[in-house]
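Below is one structure; the comments refer to it alone.
These numbers were taken from a predicted model, which means no experiment stands behind them.
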Amino acid sequence: MALTGRAALLAALGSIPVGILEPGWTGILAVNGPLALACACDFALAAPVRRLVLTRSGDTTARLGEGADVTLTVTNPSRRLLRARLRDGWPPSSWLPGTEVESSRHRLTVPPGERRRVTTRLRPTRRGDREADRVTIRSYGPLGLFSRQGAHRVPWSVRVLPPFTSRKHLPSKLARLRELDGRTSVLTRGEGTEFDSLREYVPGDDTRSIDWRATARQSAVAVRTWRPERDRRILLVLDTGRTSAGRVGDVPRLDAAMDAALLLAALASRAGDRVDLLAYDRRVRALVQGRSAGELLPSLVGAMATLEPEIVETDSRGLTSMALRTAPRRSLVVLLTTLDAAPVEQGLLPVLSRLTQRHTVVVAAVADPHIARMAQARGSAEAVYEAAAAAHAQDERRRTADKLRRRGVTVVDATPEELAPALADAYLALKAAGRL
């Protein structure tokens, strides 16, 4: 039982001493007639909190940056009218900064034997599972002099999924894929390895594609057309070690890598290729295999939702072994990792030949645009020193990328906004060249 601010004011005006009767509740030690009776009646008429029945319903998933509505149903089985304030507790990352009070607190009135619903609008700021905390209810009497307060645990979970912001690039990449696949009329074509059909020669065609036997049987010159290979295997490997925790702007490198992986997976599944996912640092953090085209993206998004960078050095030897076990047949292995010199030269390069002997390998890394801005800085001694440091970092990164390219690896190095479309372009280029 709690003494409200209104009751405390009345107590002060009426010279009523107020103190603690028992640990956990406040009461009146000395009373004077009518005011004491009013307080007692107010307390007696406040609906009990412990007997309330609370249930939840609503959204169980939401993309990062989007809203999720969770409805709380409050049933009042008592014979008293419930006048209450309610706080629906969730972790701090469930709301945008400064919006928690507005979003989580509600007023409600529930007549005896009836129920009412209140909706809490979540706006999560981090990926992963958000678990509901306690629901705290303060029930007031009709005069507002006393209140009863209690808490209920009403379990609910909302899984916050990666935002997949790069999906805006998917239509343009699919158009390019259709060009390679011959469904759009263009003068150029992809140099796949699967024979598609014969057609009449047009200026600009590669003369090596002329089918002389077919030409001899008809009056026009015939050329072979090809289509990019289908049913190829792609393994997306996310490095979740310490380098993936570095923030570029306000986004961890891991999140940018996941966004690029989702765009490539969506594009490759539309191209008829099979896509698997492996997330690894010193052990397997996520593994998605054998999904159909319709199941692929939901499975990948669900697996990525709870991934977090691990502050450990990635075991490149273990990662390579796991990748070879996951992709025993020839595949395109896309390793989303770092281009920092030490991890690549000491970890990846010594074991890279095990991958390149069997697979086509692409290494994709997130570049920091702040380094490029620093390299252009001038005007003061401090700015010149920053520019020199940035130029040194860029040169070291280029040397690392060159070492990978000399071992037959395709390297994609781009800022978070550009990484996803650049990786999709690299995939389309490999497909057009018949290297998958």
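Residue pairs meeting the salt bridge (Lys or Arg N to Asp or Glu O under 4.0 Å) criterion with at least one partner in residues 322-336, sequence neighbours excluded, are absent.
Listed for the Arg127 side chain is no donor-acceptor partner under 3.5 Å among the backbone atoms of Pro124. No donor-acceptor pair under 3.5 Å is formed between the side chain of Trp95 and the backbone N or O of Glu102. Side-chain atoms of Ser331 never come within 3.5 Å of backbone atoms of Ala327 as a donor-acceptor pair (strictly under, hydrogens ignored). Distance alone, capped at 3.5 Å, places no donor-acceptor pair between the Arg285 side chain and the Asp281 backbone. The main-chain N or O of Pro343 is never found under 3.5 Å from a side-chain atom of Asp340 such that the two would form a donor-acceptor pair.
Looking at Glu66 and Arg63, no side-chain N of the basic residue comes within less than 4.0 Å of a carboxylate O on the acidic one, giving no salt bridge. A salt bridge links Glu100 and Arg87; the closest N-O separation between the charged side-chain nitrogens and carboxylate oxygens is under 4.0 Å. Remark: Arg242 does not engage Glu310 in a salt bridge, criterion side-chain N to carboxylate O under 4.0 Å. A salt bridge is defined here as a Lys NZ or Arg NE, NH1 or NH2 lying under 4.0 Å from an Asp or Glu carboxylate O, and Arg406 with Asp402 fails to meet this definition. Salt-bridge annotation for Arg233 and Asp276: absent, with no side-chain N of the basic residue lying under 4.0 Å from a carboxylate O of the acidic one. The residues Asp273 and Lys431 are annotated as salt-bridged, a charged nitrogen and a carboxylate oxygen being separated by less than 4.0 angstrom. Here Arg56 pairs with Asp88 in a salt bridge; the nearest charged N to carboxylate O distance falls below 4.0 Å.
Within a 6.0 Å radius of CZ in Arg50, other residues, nucleotides and ligands contribute 12 heavy atoms or fewer. Atom CZ of Arg115 is surrounded by 12 or fewer heavy atoms from other residues, nucleotides or ligands within 6.0 Å. The local environment of CZ in Arg134 is sparse, with at most 12 non-hydrogen atoms from other residues, nucleotides or ligands closer than 6.0 Å. Atom CZ of Arg398 sits in a crowded spot, with more than 12 heavy atoms from other residues, nucleotides or ligands closer than 6.0 Å.
Looking at every heavy atom in both residues, Ala367 comes nearest to Val248 through O-CG1, 3.9 Å. In terms of heavy-atom proximity, Val110 sits nearest to Asn76 at O-ND2, 3.1 Å. Residue Val366 comes nearest to Ala257 through the heavy atom pair CG2-N, 4.4 Å, listed as atom of the first residue, atom of the second, then distance. In this structure, Leu423 and Ala364 approach most closely via the heavy-atom pair CD1-CB, 4.1 Å. Across all non-hydrogen atoms, the minimal contact from Leu336 to Ala260 is CD2-CB, 4.2 Å. Minimum heavy-atom separation, Ala365 to Thr338: CB-C, 4.2 Å.
For the atom pair Arg117 CZ and Thr119 OG1, the distance stands at 9.0 Å (nearest 0.5 Å). In this structure, OH in Tyr280 is found 9.5 Å from OG in Ser316, a value given to the nearest 0.5 Å. How far CE of Met304 is from CG of Leu254: 8.5 Å, rounded to the nearest 0.5 Å. In this structure, the separation between CG on Leu238 and CZ on Arg253 is 14.5 Å, given to the nearest 0.5 Å. Once rounded to the nearest 0.5 Å, the distance linking CG of Leu108 with OG of Ser139 reads 9.5 Å. Once rounded to the nearest 0.5 Å, the distance linking CZ of Arg123 with CG of Leu96 reads 5.5 Å.
Considering only heavy atoms from C-beta on, Val351 stays 4.5 Å or farther from Leu319 through its side chain. Side chains of Thr120 and Leu72 form no contact here, defined as non-hydrogen atoms less than 4.5 Å apart. Looking at heavy atoms from C-beta onward, Leu404 lies in side-chain contact with Leu348 at the 4.5 angstrom threshold. In this structure, Arg405 and Val409 have side chains that are not in contact, with every pair of non-hydrogen atoms separated by 4.5 Å or more. Counting heavy atoms from C-beta outward, Glu313 and Arg282 have side chains that approach closer than 4.5 Å. Residues Val49 and Gln149 are not in side-chain contact: their nearest non-hydrogen atoms beyond the backbone lie 4.5 Å or more apart. In this structure, Leu278 and Leu236 have side chains that are not in contact, with every pair of non-hydrogen atoms separated by 4.5 Å or more. Side-chain contact between Ser269 and Leu296: present, with at least one pair of heavy atoms (C-beta onward) separated by less than 4.5 Å.
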Take Arg283 and Asp315 through the salt bridge (Lys or Arg N to Asp or Glu O under 4.0 Å) test and state the conclusion after the steps. CA-CA 8 Å; Arg283 63 180 179 88; Asp315 177 11; over 6 Å; no

Determine whether Ser93 and Arg130 satisfy the following criterion, side chain to side chain donor-acceptor pair (under 3.5 Å), listing intermediate values before the conclusion. CA-CA 8 Å; Ser93 59; Arg130 297 291 168 268; 2.9 Å; yes

For a side-chain contact (heavy atoms from CB on, under 4.5 Å) check, start with the C-alpha distance between Arg397 and Ile371, then their side-chain angles and the critical distance, and finish with the verdict. CA-CA 11 Å; Arg397 195 174 182 90; Ile371 301 295; over 6 Å; no

Between Asp239 and Thr314, does a side chain to side chain donor-acceptor pair (under 3.5 Å) hold up when you go through it step by step? CA-CA 7 Å; Asp239 178 357; Thr314 299; 2.5 Å; yes

Ser157/Glu131 under side chain to side chain donor-acceptor pair (under 3.5 Å): CA gap, chis, key distance, verdict: CA-CA 5 Å; Ser157 178; Glu131 303 287 345; 3.3 Å; yes

Please assess Ser299 against Arg291 for the test side chain to side chain donor-acceptor pair (under 3.5 Å), listing each intermediate value before the final yes or no. CA-CA 8 Å; Ser299 299; Arg291 298 296 192 272; 3.0 Å; yes

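Of the N and O atoms on the side chains of His152 and Thr136, not one donor lies less than 3.5 Å from an acceptor on the other residue. Counting only N and O atoms by type, the side chains of Thr306 and Arg159 include no donor and acceptor under 3.5 Å apart.
The side chain to side chain contact (heavy atoms under 4.5 Å, CB included) test with Val158 is passed by exactly one of Leu122, Asp69, Thr60: Leu122.
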Exercise answer: donor-acceptor pairs, residues 160-175 side-chain atoms, under 3.5 Å, sequence neighbours excluded:
unit_1, atom_1, unit_2, atom_2, d
Thr165, OG1, Asp259, OD2, 3.3
Ser166, OG, Asp259, O, 3.1
Ser166, OG, Asp259, OD1, 3.4
Ser166, OG, Asp259, OD2, 3.2
Arg167, NH1, Pro163, O, 2.7
Arg167, NH1, Phe164, O, 2.8
Ser172, OG, His169, O, 2.9
Lys173, NZ, Asp425, OD1, 2.7
Lys173, NZ, Asp425, OD2, 3.3

